[in-house]
Amino acid sequence: VANWYSSTFWDGNDYASILVKTREGRPIFIKGNKSFGINKGATTPRIISSVLSLYNGARLQMPRANGSKATWSTVDNSIKKELAAISAKGGKVRILTNTTLSPSTDAIINDFVGSLVGADAKVVTYDPISYSGITKANKNSFGSAVVPDYHFDKAKVIVSISADFLTNWLLATDYMPDYLANRKPDNDWMSRHFQFESVMSTTGSNADVRIPIKPSEEGMTAAAILQHITGAKVPGVSVSAEILEKTKVVANELKANKGKSLVVAGSNCSGTQTVVNAINNALGNYGSTIDIANPTNMAKGNDAEVETLVKEVEAGKVDALFIYGVNPVYTLPKGEKFAEGLKKLPLSVSFSQFADETAASCTVICPDNHYLESWNDFAPTASHYSVAQPAIRPLYDTAQAQESFLIWSGKATRVGKDSRAVYDYIKGRYTGDWNLLVHNGSVEMSAQGIAASPFAANMTTAGSYIAKRAKN
């Protein structure tokens with residue numbers, strides 16, 4: 001007889017509330033949780049197939065230090081000793097993570113940073129697929145560097161400029177069921193979907209009208225739509241007659257559905273995203289199909305801080321670097337140069353489950369548990385909280401990264417596979433019905449919105465970014 005467990009999947013790209021099917025204590029299948037969770041049962045092939053990585057023979061089975069197998073006690077003592085020496089001399093400690101979405105993980109890492117008294121310690125968030133263009137545009141437009149919550153279910157007209165929101169863009173598993181809710185012929189009305197893009201995507205293949213454009217024309221397309229709607233040109237952006245003609249019908253549809261439309265863009269150019277904000281603002285979509293006051297917790301990566309860290313590592317100005325949830329040697333533009341700098345650091349620690357490109361360049365590898373062996377929590381939006389629970393005891397001598405941070409902070413001790421450190425930490429922070437949360441996998445929570453300012457972006461600056469991107 002199979003047993004099912006509610007849990008949550010997040011790998012830095014895909015998020016979903018899931019159900020894990022187990023037989024004889026082993027997870028064998030994953031599907032979306034239709035009863036609870038913002039994804040309403042939606043998943044991606046990546047999420048469903050993630051159960052296979054639990055049994056991947058390439059997983060590291062124990063910690064490694066300087067290329068050799070090690071014990072946890074040896075690794076813990078060595079790291080504590082080196083951190084004490086670094087703190088004593090006021091050295092630099094950096095923790096490089098992806099957007100964790102986890103309130104408890106963030107708190108644990110912040111506690112770790114706080115324990116390094118005397119050191120110059122800092123957390124740097126790195127998203128290999130960057131969305132900093134959106135956060136920067138919202139900072140310039142509304143005073144808040146956030147990713148808003150998009151409500152595709154409230155939009156009668158949807159316009160996407162290279163945003164594959166059904167598969168690969170932000171909270172795609174949340175957008176998918178909302179989008180599909182209004183794509184049924186039996187409904188009183190169906191949404192109209194226009195897709196501008198260069199390469200055929202899953203989202204583009206589902207559009208009513210798909211309009212091919214060059215990557216260099218994404219910003220011009222947004223500028224053309226804004227010009228049709230408001231009559232105002234974006235300073236510094238020259239829009240061709242062809243683009244104006246391609247966007248004419250789209251703009252008319254948007255104007256006929258003010259407050260009931262939605263325009264999104266996949267570009268990481270803050271100028272393009274600022275123009276998209278201007279379009280949605282002119283249409284009155286904020287507060288209707290876009291919620292800027294109650295944003296998501298997605299895309300916390302800061303490209304400028306990552307660039308600074310890369311330069312520090314390459315120059316040997318970092319004493320200790322902890323890397324969690326990312327593989328920068330593989331994903332950075334000049335990964336080989338970063339790897340060279342990484343190998344020269346006195347202390348570099350990777351939590352990768354595999355001896356990947358980054359882990360292979362680190363002095364210590366503390367392999368993280370698989371997510372199906374771990375406790376964790378997530379808050380993809382301010383009003384939604386979910387929990388991940390283990391469906392199997394750890395297969396190898398691995399340990400959650402959160403547990404390791406707690407141990408190095410002096411807030412837990414290493415006890416092996418049956419450790420309750422992370423479980424106790426997450427449960428201790430939660431004030432609601434814990435058993436109900438674990439049973440359902442997630443819960444809706446009340447959230448206090450942020451104070452977003454009225455739209456006040458500098459369109460001249462936005463235009464200069466678009467013009468520069470078009471030339472490149």
Side-chain angles (χ1 to χ4, degrees), residues 1-23 27-54 101-102 147 149-155 158 160 163-187 190-191 193 201-203 205-207 262 264 289 291 294 296-298 370-372 374-392 432-433 435-445:
V1 177
N3 290 322
W4 292 84
Y5 297 90
S6 297
S7 195
T8 305
F9 178 90
W10 169 248
D11 65 349
N13 186 56
D14 294 314
Y15 172 87
S17 290
I18 59 173
L19 294 175
V20 183
K21 182 180 182 180
T22 67
R23 282 191 183 277
I28 61 171
F29 180 65
I30 290 171
K31 68 177 183 179
N33 189 338
K34 294 183 179 180
S35 300
F36 303 96
I38 58 175
N39 56 305
K40 304 177 181 68
T43 60
T44 68
R46 292 184 293 263
I47 296 172
I48 294 173
S49 63
S50 65
V51 67
L52 299 177
S53 60
L54 173 65
L101 288 188
S102 171
V147 175
D149 199 2
Y150 298 99
H151 299 293
F152 285 84
D153 55 329
K154 298 180 180 179
I158 298 168
S160 170
D164 188 13
F165 60 81
L166 291 180
T167 308
N168 295 310
W169 189 71
L170 294 172
L171 278 171
T173 52
D174 178 21
Y175 309 145
M176 191 190 309
D178 287 351
Y179 171 83
L180 294 175
N182 295 321
R183 300 291 288 173
K184 300 176 182 178
D186 294 336
N187 289 359
M190 281 182 60
S191 61
H193 174 195
S201 66
T202 301
T203 304
S205 68
N206 282 276
L262 177 59
V264 295
T289 58
D291 192 349
N294 294 286
T296 72
N297 291 318
M298 299 288 291
H370 192 273
Y371 84 95
L372 291 173
S374 308
W375 285 98
N376 212 337
D377 65 351
F378 302 94
T381 68
S383 59
H384 188 81
Y385 181 77
S386 64
V387 68
Q389 64 172 312
I392 189 173
D433 187 331
N435 290 336
L436 184 63
L437 171 65
V438 173
H439 176 271
N440 295 345
S442 63
V443 64
E444 296 299 318
M445 305 182 72

Partners passing side chain to side chain contact (heavy atoms under 4.5 Å, CB included) against D164 (at least two apart in sequence or in another chain) = T167, N168, S201, T202, T203

Is a side-chain donor or acceptor of S7 paired with a backbone partner of I18 at a separation under 3.5 angstrom?
->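 The answer is no, because no donor-acceptor pair under 3.5 Å joins these two groups.
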
Heavy-atom distance under 4.5 Å between the side chains of T296 and L170, does that happen here?
-> no

Check step by step if side chain to side chain contact (heavy atoms under 4.5 Å, CB included) holds for H384 and M445.
-> CA-CA 6 Å; H384 188 81; M445 305 182 72; over 6 Å; no

Side chains of L101 and M298: does their closest heavy-atom pair fall under 4.5 Å?
-> yes

Search all heavy atoms of A163 against all heavy atoms of V264 and return the closest pair with its distance.
->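 Shortest heavy-atom contact: CB-CG2, 3.9 Å.
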
Nearest non-hydrogen partners of A42 and T173, listed with the distance = CB-O, 3.5 Å

Taking only residues two or more places apart in sequence, or in another chain, which ones meet D174 in a side-chain hydrogen bond (donor to acceptor under 3.5 Å, both in side chains)?
-> none

Results of ring pair (Phe, Tyr, Trp, His ring centres under 6.0 Å) for F152 - residues two or more places apart only = F165, Y175

So which heavy atom on I30 is nearest to which on L372, and how close?
-> CD1-CD1, 4.3 Å

About how many Å separate OG of S442 and CG of D377, when rounded to the nearest 0.5 Å?
->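 Rounded to the nearest 0.5 Å, the CG-OG separation comes to 12.5 Å.
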
Inter-residue atom distance N297.CG - Y15.OH, 0.5 Å rounding =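 These two atoms lie 10.5 Å from each other.
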
Can you spot which of L54, I392, V51 makes a side chain to side chain contact (heavy atoms under 4.5 Å, CB included) with H370?
-> L54

Mutual orientation of the aromatic rings belonging to F29 and W4 [parallel < 30°, tilted 30-60°, perpendicular > 60°] |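 Perpendicular.
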
Which atoms form the tightest heavy-atom contact between K184 and M190, and what is the distance?
-> O-CG, 3.3 Å

Quick one: side chain to side chain contact (heavy atoms under 4.5 Å, CB included) partners of L180, sequence neighbours excluded?
-> M176

Hey, is the main chain of F36 close enough, under 3.5 Å, to the side chain of N33 for a donor-acceptor pair?
->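 Indeed, once roles are kept as given, a pair shorter than 3.5 Å links the two residues.
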
Minimum heavy-atom distance between N376 and S102, given as atom pair plus value | OD1-OG, 3.0 Å

Heavy-atom closest pair, residues F378 and T8 = CD1-CG2, 3.5 Å

Taking ring pair (Phe, Tyr, Trp, His ring centres under 6.0 Å) as the test, write out the residues that go with Y385, two or more places apart.
-> Y430

T289: partners by side-chain hydrogen bond (donor to acceptor under 3.5 Å, both in side chains), with sequence neighbours left out = none

Heavy-atom side-chain contact between W169 and S160 under 4.5 Å = no

With sequence neighbours left out, write down each residue that passes salt bridge (charged side-chain N to carboxylate O under 4.0 Å, His left out) with K40, or none if nothing qualifies.
->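 Per chain and number, K40 pairs via salt bridge (charged side-chain N to carboxylate O under 4.0 Å, His left out) with D178.
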
How would you list, by chain and number, every residue that makes a side-chain hydrogen bond (donor to acceptor under 3.5 Å, both in side chains) with S17, sequence neighbours excluded?
->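 Partners of S17 under the side-chain hydrogen bond (donor to acceptor under 3.5 Å, both in side chains) test: none.
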
Do D433 side-chain atoms and N435 backbone N/O form a donor-acceptor pair below 3.5 Å?
->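 Yes, the answer is positive, given that a donor and an acceptor are paired below the 3.5 Å cut-off.
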
Tell me, please, which residues at least two apart from A391 pass side chain to side chain contact (heavy atoms under 4.5 Å, CB included).
->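 For A391 the side chain to side chain contact (heavy atoms under 4.5 Å, CB included) partners, ignoring immediate neighbours, are Y5, V20, T22, P27.
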
Rounded to the nearest 0.5 Å, the CD1 atom of I158 sits from the CG atom of N182 at a distance of 7.5 Å

Hey, does the side chain of N187 reach the backbone of A181 with a donor-acceptor pair shorter than 3.5 angstrom?
-> yes

Non-hydrogen side-chain atoms of S386 and W10 separated by less than 4.5 Å =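 A side-chain contact is absent here, since even the closest heavy-atom pair is not under 4.5 Å.
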
So salt bridge (Lys or Arg N to Asp or Glu O under 4.0 Å) across residues 42-52, not counting sequence neighbours, yields D14-R46

What residues form a side-chain hydrogen bond (donor to acceptor under 3.5 Å, both in side chains) with H193, not counting sequence neighbours?
-> Y179, Q195

Test item: S6 side-chain N/O and H439 main-chain N/O as donor-acceptor pair under 3.5 Å = yes

Contacts of D291 that satisfy side chain to side chain contact (heavy atoms under 4.5 Å, CB included) - sequence neighbours left out =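 In terms of side chain to side chain contact (heavy atoms under 4.5 Å, CB included), with neighbours along the sequence ignored, D291 is linked to D149, H151, A293, N294.
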
